[in-house]
Amino acid sequence: MAEPRLATEVWVAAYRKRLDLAGIPAFVTAKGDTTAGAVLVKVARMDGTAELFSRRFDLMTDTRKWESIAHGPEAEIDTRITRDRSTDPDLWVIEIEDRHGRHLLDEPGLA
């Protein structure tokens, strides 16, 4: 059975609240479609590097999962985000600033 889907705007607000409660700074740097926009999560480690996460559908388990799609110099991650946004204006981008790379995407309820 398919998982129920939250409107993207609602999911983003709930995710930012969870990050805030954990003391992890996060900012929406690009807003997309409020109901069905995809989301990218950039984790900036504050050392010039970053990692980029995207939610993908897993056919084997019939679920959505977050996976790392890029990591490396932060400038390269920013270039990737700019390129992705140029082809998908409905894309949301959340930027997290955390030296330890915390993102909470592996916690229950965030898939």
Side-chain angles (χ1 to χ4, degrees):
M1 174 181 243
E3 297 175 10
R5 293 194 58 160
L6 285 176
T8 305
E9 185 175 48
V10 172
W11 185 90
V12 168
Y15 181 50
R16 288 192 61 218
K17 183 66 173 176
R18 274 181 131 169
L19 291 166
D20 185 48
L21 291 172
I24 302 170
F27 310 91
V28 174
T29 58
K31 289 185 178 184
D33 184 271
T34 58
T35 57
V39 178
L40 292 177
V41 176
K42 173 187 164 187
V43 181
R45 290 185 169 262
M46 312 304 291
D47 64 357
T49 66
E51 188 167 7
L52 189 62
F53 293 87
S54 178
R55 191 167 42 184
R56 306 282 182 183
F57 188 76
D58 183 347
L59 293 172
M60 298 299 288
T61 61
D62 195 33
T63 59
R64 289 183 303 274
K65 295 182 179 183
W66 287 97
E67 66 182 28
S68 175
I69 59 170
H71 63 277
E74 188 171 2
E76 289 179 16
I77 301 300
D78 289 340
T79 298
R80 164 84 184 255
I81 292 169
T82 300
R83 185 179 68 237
D84 290 356
R85 288 260 316 141
S86 72
T87 60
D88 184 0
D90 292 333
L91 188 64
W92 288 72
V93 180
I94 300 170
E95 183 169 340
I96 294 170
E97 296 178 347
D98 187 73
R99 293 185 193 285
H100 305 289
R102 297 175 299 161
H103 49 70
L104 309 182
L105 294 171
D106 49 357
E107 288 193 353
L110 289 176

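Index from 1, following the sequence.
Atom CD in Glu95 sits 3.5 Å away from atom NZ in Lys42 (nearest 0.5 Å). Taking CZ of Phe53 as the reference point, atom NZ of Lys65 lies at 15.0 Å (rounded to 0.5 Å). The CD atom of Glu51 sits 6.5 Å away from atom CZ of Arg45, with the distance rounded to the nearest 0.5 Å. Between the CG atom of Asp78 and the CD atom of Glu76 there is a distance of 10.5 Å, given to the nearest 0.5 Å. Here Glu74 contributes atom CD and Thr49 contributes atom OG1; the two are 8.0 Å apart, rounded to the nearest 0.5 Å.
For the pair Arg102 and Gly23, the tightest heavy-atom approach, listed with the atom from each and the gap, is NH2-O, 4.0 Å. Here the shortest heavy-atom pairing between Ala26 and Arg16 reads O-NH2, 3.6 Å. Counting all heavy atoms, side chain and backbone alike, Trp66 lies closest to Trp11 at CZ2-CH2, 3.5 Å. The shortest non-hydrogen separation linking Arg85 to Val93 is CD-CG2, 3.9 Å. Of all heavy-atom pairs spanning Ala44 and Ala50, the tightest one is CA-CB, 4.1 Å.
A heavy-atom distance below 4.5 Å is not found between the side chains of Thr63 and Phe57. The shortest side-chain heavy-atom distance between Thr8 and Asp33 does not fall under the 4.5 Å cut-off.
Both Val10 and Ile94 are assigned to one and the same hydrophobic cluster, defined by single-linkage of ILVMFWY side chains at heavy-atom distances under 4.5 Å. Note on Leu52: it does not cluster hydrophobically with Val39, by side-chain heavy-atom contacts below 4.5 Å among ILVMFWY residues. The cluster map of Ile, Leu, Val, Met, Phe, Trp and Tyr, joined by side-chain heavy atoms under 4.5 Å apart, puts Leu40 and Val12 in different clusters. No continuous path of hydrophobic side-chain contacts links Ile77 to Val41 [ILVMFWY only; heavy atoms under 4.5 Å].
For residues 81-102, no pair satisfies ring pair (Phe, Tyr, Trp, His ring centres under 6.0 Å), with sequence neighbours left out.
Applying the salt bridge (Lys or Arg N to Asp or Glu O under 4.0 Å) criterion to Glu67, with sequence neighbours excluded, gives Arg56.
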Determine all donor-acceptor pairs shorter than 3.5 Å in which one atom belongs to a side chain in residues 103-111; sequence neighbours excluded.
unit_1 : atom_1 : unit_2 : atom_2 : d
His103 : ND1    : Leu105 : N      : 3.0

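Counting only distance, with no hydrogens or angles, the side chain of Arg55 and the backbone of Ala38 share no donor-acceptor pair below 3.5 Å.
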side-chain contact (heavy atoms from CB on, under 4.5 Å) between Ile96 and Tyr15, worked out: CA-CA 11 Å; Ile96 294 170; Tyr15 181 50; 3.2 Å; yes
